[in-house]
Structures are given as C-alpha cells and as structure tokens.
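Only one structure is covered here, and it is reproduced in the block below.
Values below: every heavy atom of this structure, side chains too, minus hydrogens, waters and symmetry copies. Chain naming here is simple, since letters A, B, ... match the order of the sequence lines and numbering starts at 1 in each.
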2 protein chains.
Amino acid sequence: MSVTIKDVAKRAGVSPSTVSRVLSNHPRISRETSRKVKEIMEEMGYHPNIMAKSLVSKTTESICVILPKPAEELFLNLFFMELIRGIVTQANRSGYDVLISSGGNEKEEVEAVSRLLNGRRVDGAILLYSRQDDQVVDFLKSNNYPFVLVGRSEKYPDLLSVDTDNVQAAYDATKHLISLGHKRIGFVSGPPNLIVSQDRMKGYGKALADAGLEMRKEWIVEGEFLQESGYRAMSFFMNLPERPTALVIVDDIVSFGVLRGLHELGYKVPEDVSIISFNNISLTELSTPPLSSVDIGIYNLGYTASQALIQTVRNDDKTVLPHRYIIPHRLMIRESSMYSLPKS
Amino acid sequence: MSVTIKDVAKRAGVSPSTVSRVLSNHPRISRETSRKVKEIMEEMGYHPNIMAKSLVSKTTESICVILPKPAEELFLNLFFMELIRGIVTQANRSGYDVLISSGGNEKEEVEAVSRLLNGRRVDGAILLYSRQDDQVVDFLKSNNYPFVLVGRSEKYPDLLSVDTDNVQAAYDATKHLISLGHKRIGFVSGPPNLIVSQDRMKGYGKALADAGLEMRKEWIVEGEFLQESGYRAMSFFMNLPERPTALVIVDDIVSFGVLRGLHELGYKVPEDVSIISFNNISLTELSTPPLSSVDIGIYNLGYTASQALIQTVRNDDKTVLPHRYIIPHRLMIRESSMYSLPKS
DNA sequence: CAAAAAAACGCAAACGGTTCCACTGGAGGT
DNA sequence: ACCTCCAGTGGAACCGTTTGCGTTTTTTTG
C-alpha cells in the first residue's frame, strides 16, 4: 500500500535500521549513506508512519485541550478561540499536534481525557478552566499525567498552571472606578463555582475595603458568562432603591448584556453608570460606547500553557515541575469608564 | 509499564486473541468468557493502546481540520469557533477525535496536511476555506484522501462539500434592501480570491440587475475580513459625490468597522445608511443598532461537514461520493435595516 | 604492520494490538 | 457409532518503527 521503511531499505541496499537512523539523523551514519537514503525516500515518496513510531517511542508528539463542560455555552466566547489560537500556534511551532475534545458533562470529560491519556493518544493535556472541585484534575493528578491548567486549583495549589492574577486585576479595575469618584460600586459575577469568579470578587472586595467603601450584598449578582446574565443583572440593579453608579463585570460578554439592559432602561454609559469588565476581547472597542476592559493576554495564556506543557512532556524523567506562570494584565480604559463623577 | 492485552489474557487464563475479540465483541465469544475478561480488564485498569490499534487496523478514528492561511487574522472571527464547535461536537459524538492544525502560509498548510494524512495520523480532513486555487485541495485530491470542503471549489466542482448558497443569500439580502426603497446599494467585499467573496458579489449583482438597478464600480470595495476594512470602506464611500444609501457587507465583523466609521463621520444607521451583512454571529444583536444579518447556520455547517467526512472514511471501499450539502440560510432583519426610504 | 579503537551498519526483538488459520470438543444427523 | 459441522478458542504472523547489541569495515596508533 503505502511505502515503508523496508521498501526504502531494500531499494537503497541497506537495512531498515539504517534507514531509521537516517531519519533520526543518528550520528553514526555516513554522509554518503545518508544522502543516498534521503534521495531514495524522496524518490519513492516515503512518509513515516506516525502511529508505528509512537507505538515504539511511547510518545505521540501531540497534546489535547479539553473544552469546559458546557462547551455549547462557553465556546461561543471569543475567549476560547484566542486561547486555542495561542495553543495551536505554539504547539505547531514545536512540532506538536493539538487535539480538541469536549464533553457534555464533567463525567464525559473524564472519560474523554482518560481515553486519550490512558490510550496513549496524547502526551499531555491542557485544561481551560478550573472549577472548584474538578474531577478531570483529580484524574490527571492521581494518574500522574502531565497537564497544565489555565487558571488555578484551590485543591492543589502546586499544579503546573498559567494564570492571570485575577485578584489583582479586579483590584486594579475597582480601584480605577474608585479613582473616578465612585462610592457605590457593584459587581456582576460569573458562575460561583468558577475560581475566576471567586478571585475577581475577592479583588473587588479588597479594593473596596482598602478605600473604606462598603460592599453590599445587593450590589453583587451571580450569573453565567452570557449576555443574558448581564441583561438580567440590570433589571435587578436598577430597581434597587439605592443603585450602584459603577460596575465591575466579570466578562466582556456579560458587559454587552449590561449595555443593552442599560440602554433599554434609558440609562447612559458612562454618565449614569460606568462599567469595566475583563478579558478585552476584540469587539470591546467596537461597542457603543467602547468598553473599558482588563486585558489579560489571552493568546499569551494559551501560548504559554502550550509551551509549559510541551516542555514538561519533553522532559524525559517526566517529573512535572510545578510552576505558576502569571501572565501580566493591563487596564484598557475606554469610554465606558471615562467619566469622573461630579462631586455632589 | 501500562497494562496490555497480554497481561489481561494471562490473568484470565485465555489467549490475547480472545481478549482482543472480547474488546471488539466478536460474535463467537461465549457469554461467560466475555464477562470474565471484561471483569479482569476493569479490575486491572486496562485501556486499549490506540496507537497499536491504528497501526494494524490502518484507521485512526480521527480527523483534522485545517485552519486557513493567516490563522492569526481569521481565527479571530467568531465564525471559526462556531464551525469548530459543530465539528468537534459531531465528531466526538461519532467517536472521532479532532485535530486542529494551522500553517503560516499555504505551503506550510500542505506540509501539515501531508504529514497528517501521509503519516496516517488522521483518516481525513476538513478544509474551512476555499481559495481560488488551493494547493491543499490539489494535494488531497491527487492523493485521493478523503476530505470535505466547507465552501466550494471552482476548479473541482464535484468535491464532497458543505456550503451555503452564497449567491442566493446575497441575492436575498440585496433584494431586502431594494424592497425598502433603496436604489443606490453598495457592496463591501472580502478578499477577492475567496470564493465566498465572489459568490456574494455575484448574488448582489444579480439582484440589482433583476431590479433594473445599476451596479457601479465605485460602490464596491474589497478588503479583508477585518473591522479595519469596513472602517476604511466608509471613508471611501462617504467621500463619493454620489453615496450609496444602503450596503451589503460580506461579513458581520466588517460591519462593525462600518458602523464605527459611520458613527465617527456622523451618519446614522439605518436612517442615513442601511446595512445588512452575513453570518449572524452572536453579537450582531448586541451592537447599536442591532445588525441585520443573513444567518447561514455556521454550527450546522461544521456539524454537517464532520458528519459527511466521517461517513466517508467509515465507508470501507473509501470511495468518496461527491455530494454538495447546502445548508439553508435565513435573513435576520434587525434595526440596521428596519427603515424604509422615504419616497423622494 | 599488527593490534586496538572507532565508525558504519545489520539482526532481531520489541511496542500492543488484530486477524487468518488451525484446532478442539460436543451437538446433531444418519 | 461415525461423520459433519460449528461454536469457541489458541497460535502466530503481521502492522511499521526503534534500538541494543553484535558484526564488519575502516582508521588510528604504537
């Protein structure tokens, strides 16, 4: 069928071993033989069978990325595209392939990742999200498989991971609003079991506390990473007797919903309500008004994650050296928070 | 190291062949043996080695999707995320894995796809874009590898492909604008070597012709699938002595740029200029004003593509039955084109 | 110039499965 | 009681590579 190493060997009058050694340019192959074999390979259209190779070498030169539980919801987010782009670019650059997998629920995720790792189809995994108590992490950890987490785990603080300092990022964002004179600052959060929601909430609270401002329960709502969440949050906030004048929002996508809600209720951004959110996906600058956002370097997160993982799996002694890579963030101030509250 | 079929066999007191047969539940294995072997597999934590399996079965149960040339630009688009989501979902559902690959340029794409297919790492490929003269298509076609095209090829009309009827879609969109009373309708196109640009332009032209309207060269601009393109198009259009009153725009992302340009120049949408674009990515409904868009069922495109490909590779006699799947489109009319031109 | 060292290459055993073919034992047919 | 047939299983070759070790050839060296 397809031309194998043996065919090449026969044609070149050498042994298969020699051909193999030419392939991996082994030091003890003569210039001459190497040249000749390569020529014949070219001529016969030889391509190494990757499966056979990984069978014996016990390494697949590929990694997988596990999409979070409700891929249907979250996948919509530009966030993941950016991340994947970073991962794929880096991986391909290092000669690795990337395999994408998703599961309808956490159990299916575990099954998928088990099939992939246990079946030796991939060398390692990248997890795009860290839930509070993640079965996938448990699995990977207990089987001692190489993996890197984009985010962080509370249960295992010492994992190989790449993350944003979300507490600090939220702190900075909140402080920015405070510096504009706001005293009543609300927070629109994501799913409470996501570490990222918790961290950002924490930074928000810390900034308020440091400024001597009160943090009111009714100024905090939880939701999903969906536009609807922002929209619903608005009808709630705006019916309050005492409304927040500024909002920290857990994700840009939610901000879009907030924007729409505010618009429909007749409020102006930033005059009536100033807002700032996280991730700085493209499009934040295109909304009206353009959204202030904390750029967390998504592409970079993916790129770094891939790099860290591949470095680990390449390491022969397979010791996963735990390390937390923190990707720097920075505030992108745009119109949605370019308004200082008049002193009243 | 890891528990193999032989370990299980030994422990169960049967031969490896039998274990293998249990795995693929071969008809001629007794209930009893099957039960027992399965029990032992469970107990020992056996997982089949996928590489070994594909080495002999010559099938990998995985496909790859090739990201278009400048992944860095286009990847940004929500379009691809939706598509990939559809592909991955369907593939996983059919027990297939999906491998993502990108290349810096067309040659690298060919190399990647060659490595993957020739190296027997994947069974088939999905191409996300059809350029005018695509080397990847040439490669796949001439090597007789199974693949499906999302889009269409002019060179080979008879490929397995899934597509939108872009001519008709553009026709419908344009006709919609005409029905609102517009006579001066412009077109913002994408890269001219992309079939999709050409088709949409064709439909646009056809609708104009059918309505007896003129199609002026200066009302057509070409660009990229980028916001900037839309932005630039606006400064051009709006400096024309005779400006179009409505625009058909090749992609939603470009519309966002158009919107910004128009906003900065002080024009109102839809009163001064009505616009409609293609793809209906989420966020079209969130812009101000919400964008009219032709929904082309992106997720469905991906889902169908994956289905078609897997069906093909599963077919033993590997004959790729050419077929064009057309995914239906539909107009989503929103505020950006909800304005009838006053009779003047 | 012989011996030792180095260089270049071949042999064969893996890697973990699948599958064709052969073998066994019991059921059914005559 | 003998033959046939078939369900159930085992044996062994093979898929296409890699690699440790041994063998041959060449070069170096005393």
Side-chain angles (χ1 to χ4, degrees), chain A residues 1-38 40-41 44-62 95 115-123 316, chain B residues 1-38 40-41 44-62 95 115-123 316:
Chain A
M1 190 64 215
S2 161
V3 28
T4 82
I5 228 176
K6 289 174 191 164
D7 302 328
V8 175
K10 197 169 299 172
R11 192 97 136 65
V14 297
S15 78
S17 341
T18 302
V19 177
S20 171
R21 283 189 252 259
V22 168
L23 237 30
S24 53
N25 49 328
H26 189 98
R28 291 206 308 230
I29 289 287
S30 74
R31 281 247 155 282
E32 177 54 18
T33 320
S34 173
R35 196 196 48 71
K36 183 162 138 205
V37 169
K38 276 178 183 160
I40 303 221
M41 292 195 318
M44 300 181 72
Y46 168 79
H47 291 270
N49 182 309
I50 309 185
M51 296 298 167
K53 176 168 178 173
S54 16
L55 180 57
V56 28
S57 73
K58 286 173 176 320
T59 155
T60 65
E61 316 261 279
S62 53
R115 200 175 49 80
L116 258 24
L117 270 318
N118 282 328
R120 302 283 184 274
R121 195 199 205 71
V122 299
D123 297 341
D316 266 351
Chain B
M1 189 64 218
S2 161
V3 28
T4 82
I5 226 176
K6 289 173 190 161
D7 302 328
V8 175
K10 197 169 298 173
R11 191 96 135 64
V14 298
S15 78
S17 340
T18 302
V19 177
S20 172
R21 281 190 254 260
V22 168
L23 237 30
S24 54
N25 49 330
H26 189 97
R28 292 207 307 231
I29 287 288
S30 73
R31 282 247 154 282
E32 177 55 17
T33 318
S34 173
R35 197 197 48 70
K36 183 161 137 205
V37 169
K38 275 177 181 159
I40 304 224
M41 290 193 322
M44 299 181 72
Y46 169 78
H47 290 271
N49 183 309
I50 309 185
M51 295 298 166
K53 177 167 177 175
S54 24
L55 179 56
V56 29
S57 73
K58 287 174 179 318
T59 154
T60 64
E61 317 260 281
S62 51
R115 200 174 50 79
L116 259 23
L117 270 317
N118 282 328
R120 302 285 185 272
R121 195 200 205 74
V122 299
D123 297 341
D316 267 350

Using only heavy-atom distances, determine whether the side chains of B:T18 and B:S15 contain a donor-acceptor pair under 3.5 Å.
-> yes
Rounded distance (Å) that lies between atom P of D:dG16 and atom CE of A:M44 = 13 Å
OP1 or OP2 of D:dG16 less than 4.0 angstrom from a side-chain nitrogen or oxygen of A:T4, does that happen here?
-> no
Go through the N and O atoms of the side chain of B:R28 and the base of D:dG10, and report whether any donor-acceptor pair is under 3.5 Å.
-> no
Taking the nucleotide of DNA chain C with the closest heavy atom to each, which residue, B:P48 or B:R21, is nearer the 5' end?
-> B:P48
So NZ of A:K58 and CE of B:M51: to nearest 0.5 Å the spacing works out to 11.5 Å
Which part of the nucleic acid does A:I29 contact within heavy-atom distance under 4.0 Å: base, sugar-phosphate only, or nothing?
-> sugar-phosphate
Whole-Å gap separating C1' (D:dT18) and CE (A:M51) = 17 Å
Report yes if a side-chain nitrogen or oxygen of A:S30 is closer than 4.0 Å to either non-bridging phosphate oxygen (OP1 or OP2) of C:dC9; otherwise report no.
-> yes
Is it the case that B:S62 and A:R121 place a side-chain donor and acceptor less than 3.5 Å from each other?
-> yes
Touch class at under 4.0 angstrom, heavy-atom based, for B:V14 against every strand present | sugar-phosphate
When you check the phosphate oxygens OP1 and OP2 of D:dT18, does a side-chain N or O of A:K58 lie under 4.0 Å from one of them?
-> no
Select base, sugar-phosphate, or nothing to describe what B:H26 touches, counting heavy atoms under 4.0 Å on all strands.
-> nothing
By nearest-heavy-atom nucleotide on DNA chain D, the more 5' of B:A52 and B:S15 is B:S15
Rounded off to whole Å, could you give me the CG-to-C1' distance for the A:L55 and C:dA13 pair?
-> 13 Å
Indicate, with a heavy-atom threshold strictly under 4.0 Å, whether B:T33 touches base, sugar-phosphate, or nothing.
-> sugar-phosphate
Give B:S17 one of three labels, base, sugar-phosphate or nothing, depending on what nucleic acid heavy atoms sit under 4.0 Å from its own.
-> base
With a non-hydrogen cut-off below 4.0 angstrom, is B:G13 in contact with a base, only sugar-phosphate, or nothing?
-> sugar-phosphate
Along DNA chain C (nearest heavy atom to each residue), the more 5'-positioned of B:N49 and A:R31 | A:R31
So how far is it from B:I5 CD1 to B:N49 CG, rounded to the nearest 0.5 Å?
-> 10.0 Å
Pair A:T59, A:S57: side-chain N/O donor-acceptor within cut-off below 3.5 Å | no
